[in-house]
Amino acid sequence: MIRKLISFAFAFLLQVMVYAQTDQVMQISTIDALLSGVYDSDFQIGKLKQYGDFGLGTFNALNGEMVVLNGNIYQVPQNGKTIQPPLETCTPSAVVTFFKTDKTLLLNQALDFKQLEQFIDKILPTTNIFYAIKIKGKFKQMKTRSVAKQEKPYRLLKDIVNQQAIFDFENSEGTIVGFRFPSYFKGINVTGYHLHYLTTNEQAGGHILDFVIDNAQLEIDEISNFSMIVPNNEHFYHVDLSEDKQADLEKVEKLQK
Ligand SMILES: [Zn+2]
């Protein structure tokens, strides 16, 4: 019995080790499910650590923005006061990976979000694989948002995004944590760049709307594997995911001008 248990534990450990060595993105649920109001799942954030030490997402009931950095999971609620929530907290949407740097570049031009997207796109070997993007340094400006915790019955994300709290930081020091997904990922995840922010003092951050870089180091992780776990609940089972929600996504992810 004991021998069986030991071999089982060893097999499990081996599996975790193999997983950590595979450069892979893992995500919970789909972006279209989130846009359709599936704001709950029973996937605990503590379990995310098996799949990555770096990433982003949100929490059940849409209770703020998630930043995963150096294996820690941060929650930026609508009041902006960032905490590390209990690991039993659940997430309806998250993306994580074990960050391994494939490329490093120093950025010392005053690039904004759009300019940075163009800059990075030019240096990527292809736009058809997945990228984790880490940018650590100083930002002349940083504009983030966080969403309000929702009450049931849930309204659609596009209808509540006007209640978001917007945070403006000047001369802020911190880390951008994000991903770039290929255009064929429409409906599955945010195509193109999706970036979150955490200040170096770990007290603030959010979903990035815009920024201007002062001086920072860009690290890119090139990833060719992808896996996904979808929620096992009635809401996800019955939500209609047949429609194209790209217009809603634009409204939700980008800065309203
Ligand atoms: Zn976000």
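Both counts, for ligands and for their atoms, begin at 1 and track the order of listing. Because the structure is predicted, anything quoted here is derived from the model rather than measured.
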Can you classify the ring geometry of Tyr39 versus Tyr154 as parallel (below 30°), tilted (30 to 60°) or perpendicular (above 60°)?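 Tilted: the ring planes of Tyr39 and Tyr154 meet at 30° to 60°.
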Establish, yes or no, whether a centroid distance under 6.0 Å links the rings of Tyr197 and Phe139.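 Yes; Phe139 has its ring centre under 6.0 Å from that of Tyr197.
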Counting the benzene-type ring for Trp, do Phe130 and Phe185 have ring centres under 6.0 Å apart?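 Ring centroids of Phe130 and Phe185 are less than 6.0 Å from each other.
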For residues 55-69, please give each side-chain donor-acceptor pair under 3.5 Å, one per line with the distance, not counting sequence neighbours.
| unit_1 | atom_1 | unit_2 | atom_2 | d |
| --- | --- | --- | --- | --- |
| Thr58 | OG1 | Gly64 | O | 2.7 |
| Asn60 | OD1 | Ser41 | N | 3.1 |
| Asn60 | ND2 | Ser41 | O | 2.9 |
| Glu65 | OE2 | Arg145 | NE | 2.8 |

Under-2.8 Å protein N/O/S neighbours of the Zn ion (ligand 1), ordered by chain then residue number: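 N, O, S partners closer than 2.8 Å: His194 NE2, His196 NE2, His207 ND1.
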When you check the gap from the basic side-chain N to the acidic O, do Lys134 and Asp221 get nearer than 4.0 Å?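 A salt bridge is absent here (no side-chain N lies under 4.0 Å from a carboxylate O).
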Please check if any side-chain donor atom of Thr30 sits under 3.5 Å from a side-chain acceptor atom of Asp32, or the reverse.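 No donor-acceptor contact under 3.5 Å links the two side chains.
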